[in-house]
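One structure below.
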Amino acid sequence: MRKLKLLWRRRKTFIVGFIAATGSFLLGVTWPINLRANQPLQPIQAQVLAVSQSQEQQPMSTINKFSEAIANRVEFSQQALAQVQAIRFQSAVPDQFQGTTLRHAKLDSQHKAIALTFDDGPWPKTTTQILDILKENNIKATFFWVGKYLQNSPEIGKQVAAAGHAIGNHTWNHEYLQYNEDGAAREIDRTSSLIEELTGIQTSMFRPPGGILNNGLATYAQKKNYAVVMWSADSFDWRTLTESLIDNVMRQANSGGIVLLHDGGGNRARTVKALPDIIARLRKEGYSFVTVPELLQMQEQESKQQETAQK
């Protein structure tokens with residue numbers, strides 16, 4: 001009997017404790033939640049709710065316009081990336097010409113293509129004047145830059161690259177000295193690094209100042225797989241009058257030719273004045289204008305076609 005009374009007391013204590021705990025939960029958790037639901041929202045909560053409600057109330061046309069804007073931006077970004085990639089590699093020559101020295105491309109005489117090249121820039125005023133002439137005539141040319149001048153006129157350099165012209169290395173200081181390998185490396189590597197830093201272009205073309213091939217610069221460039229690009233038509237624009245300059249180019253022009261002109265390194269007003277006439281006369285003779293890399297790509301393609309025909 002005493003055991004039954006003890007068991008009953010224990011059960012009673014448990015039931016009372018359970019009821020108390022349950023009540024505490026209902027009062028401490030559930031009831032405050034209900035009370036908070038009836039209280040005004042804090043400012044941040046109200047803003048979030050307002051935004052959420054306004055989005056739910058927006059018509060589908062607004063959402064579609066937003067989606068379309070995102071799609072257009074993505075498409076623009078892809079196009080911009082493709083353009084950057086195209087600019088980045090436009091100054092690369094075919095593998096077979098890397099590490100070689102060349103003065104012109106070997107093209108069939110029926111394919112009258114020629115490359116205009118400009119040395120010693122970028123140069124204030126003159127380079128932009130030449131860019132305008134090339135743009136008016138829808139021509140892409142090749143510019144061989146001096147590093148210290150590019151450092152002085154980086155925005156002009158960027159304009160040249162953005163216009164789609166090919167870029168080559170013309171040393172940092174443009175000096176006619178004898179170089180050991182370390183000296184040649186400083187002249188060439190420093191210039192190529194700046195070209196890539198400013199334009200994204202990794203050039204594989206080098207032109208030695210004065211066309212000197214035996215002072216260590218060309219040797220180092222070939223070792224680094226640059227194509228050492230000389231010329232087949234020298235305008236002598238740095239020393240001759242305008243009319244003589246034009247005659248020099250026309251007399252030496254041929255299919256696959258590379259024309260030497262200057263946009264920097266001094267007063268190039270005569271080059272600027274002569275350029276429209278040079279372009280007009282070459283066009284009249286049936287020439288098309290390409291960059292040096294394009295000229296070499298044409299030679300490569302013609303060689304492959306000839307090999308295929310002989311099989």
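Just so it is clear, the values below take in all heavy atoms, side chains as well, and ignore hydrogens, waters and symmetry mates.
Separating the CG atom in Asn215 from the CG atom in Asn180 is a distance of 11.5 Å, to the nearest 0.5 Å. Once rounded to the nearest 0.5 Å, the distance linking CD1 of Ile212 with CG of Asn214 reads 7.0 Å.
Between Gly216 and Ala184, the shortest heavy-atom contact is O-CB, 3.7 Å. Closest approach of Thr101 and Gln222 over heavy atoms only: OG1-NE2, 2.7 Å. In this structure, Ala227 and Phe97 approach most closely via the heavy-atom pair CB-O, 3.5 Å. In plain terms, the two heavy atoms of Ser204 and Val93 that are nearest each other are OG-N, 3.0 Å. The shortest non-hydrogen separation linking Met230 to Ile258 is O-CG2, 3.6 Å. Across all non-hydrogen atoms, the minimal contact from Ile201 to Ala161 is CD1-CB, 3.9 Å.
Using cut-offs of 30° and 60° on the angle between ring planes, the pair Phe143 and Phe118 is parallel.
With a 4.5 Å cut-off between side-chain heavy atoms of Ile, Leu, Val, Met, Phe, Trp and Tyr, the cluster of Trp238 takes in Phe236.
Salt-bridge annotation for Arg190 and Glu197: absent, with no side-chain N of the basic residue lying under 4.0 Å from a carboxylate O of the acidic one. A salt bridge links Lys223 with Glu181: at least one charged nitrogen is closer than 4.0 Å to a carboxylate oxygen.
Residues Ile130 and Val272 form a side-chain contact, since some pair of their non-hydrogen atoms from C-beta on lies under 4.5 Å apart. Side chains of Trp145 and Thr199 form a contact here, defined as non-hydrogen atoms less than 4.5 Å apart. Inter-residue side-chain proximity for Leu102 and Leu296 is flagged as met; some heavy-atom pair is nearer than 4.5 Å. Two residues are said to be in side-chain contact when any heavy atoms from C-beta on lie closer than 4.5 Å; Asn137 and Leu275 fail this criterion. Ile188 is not listed as a side-chain neighbour of Lys224, based on a closest heavy-atom distance of 4.5 Å or more. At a threshold of 4.5 Å between non-hydrogen side-chain atoms, the residues Trp172 and Arg186 do not count as touching. Residues Asn152 and Pro124 form no side-chain contact, since every pair of their non-hydrogen atoms from C-beta on lies 4.5 Å or further apart.
Side chain of Ser91 to backbone of Thr203: no donor-acceptor contact under 3.5 angstrom is found. When atom types are taken as modelled, the side chain of Asp120 and the backbone of His262 share no donor-acceptor pair closer than 3.5 angstrom. Side chain of Glu302 to main chain of Asp108: a donor-acceptor pair is present (N/O by atom type, distance under 3.5 Å, no hydrogens or angles). Counting only distance, with no hydrogens or angles, the side chain of Arg207 and the backbone of Val229 share a donor-acceptor pair below 3.5 Å. Between the side chain of Gln301 and the main chain of Gln297, no donor-acceptor pair closer than 3.5 Å is present. With hydrogens and angles ignored, the 3.5 Å screen pairs no side-chain donor or acceptor of Ser232 with any backbone N or O of Gly257. With Asp237 contributing its side chain and Leu261 its backbone, the two residues share no donor-acceptor pair below 3.5 Å. No side-chain donor-acceptor contact under 3.5 Å links Gln202 to the backbone of Ser192. A donor-acceptor contact shorter than 3.5 Å is absent between the side chain of Thr291 and the backbone of Ala166. In this structure a side-chain-to-backbone donor-acceptor pair under 3.5 Å is present from His165 to Ala141.
Using modelled atom types, one finds a donor on one side chain and an acceptor on the other under 3.5 Å when comparing Glu187 with Asn173. Between Thr126 and Asp263, the side chains place no donor N or O within less than 3.5 Å of an acceptor N or O (distance only, hydrogens not considered).
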TODO: Take Arg281 and Glu243 through the test salt bridge (Lys or Arg N to Asp or Glu O under 4.0 Å) and record every step on the way to the result.
DONE: CA-CA 13 Å; Arg281 294 191 190 188; Glu243 194 59 38; 3.3 Å; yes
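The cluster map of Ile, Leu, Val, Met, Phe, Trp and Tyr, joined by side-chain heavy atoms under 4.5 Å apart, puts Trp123 and Leu150 in different clusters. Using a 4.5 Å cut-off between side-chain heavy atoms of Ile, Leu, Val, Met, Phe, Trp and Tyr, with links allowed through other members, Val146 and Leu131 fall into different hydrophobic clusters.
Around NZ of Lys140, the count of heavy atoms belonging to other residues, nucleotides or ligands within 6.0 Å exceeds 12. Atom CD of Gln305 has more than 12 heavy atoms from other residues, nucleotides or ligands within 6.0 Å. Residue Lys148 places its NZ atom among more than 12 non-hydrogen atoms of other residues, nucleotides or ligands, all under 6.0 Å distant. Lys112 NZ: more than 12 foreign heavy atoms inside a 6.0 Å radius.
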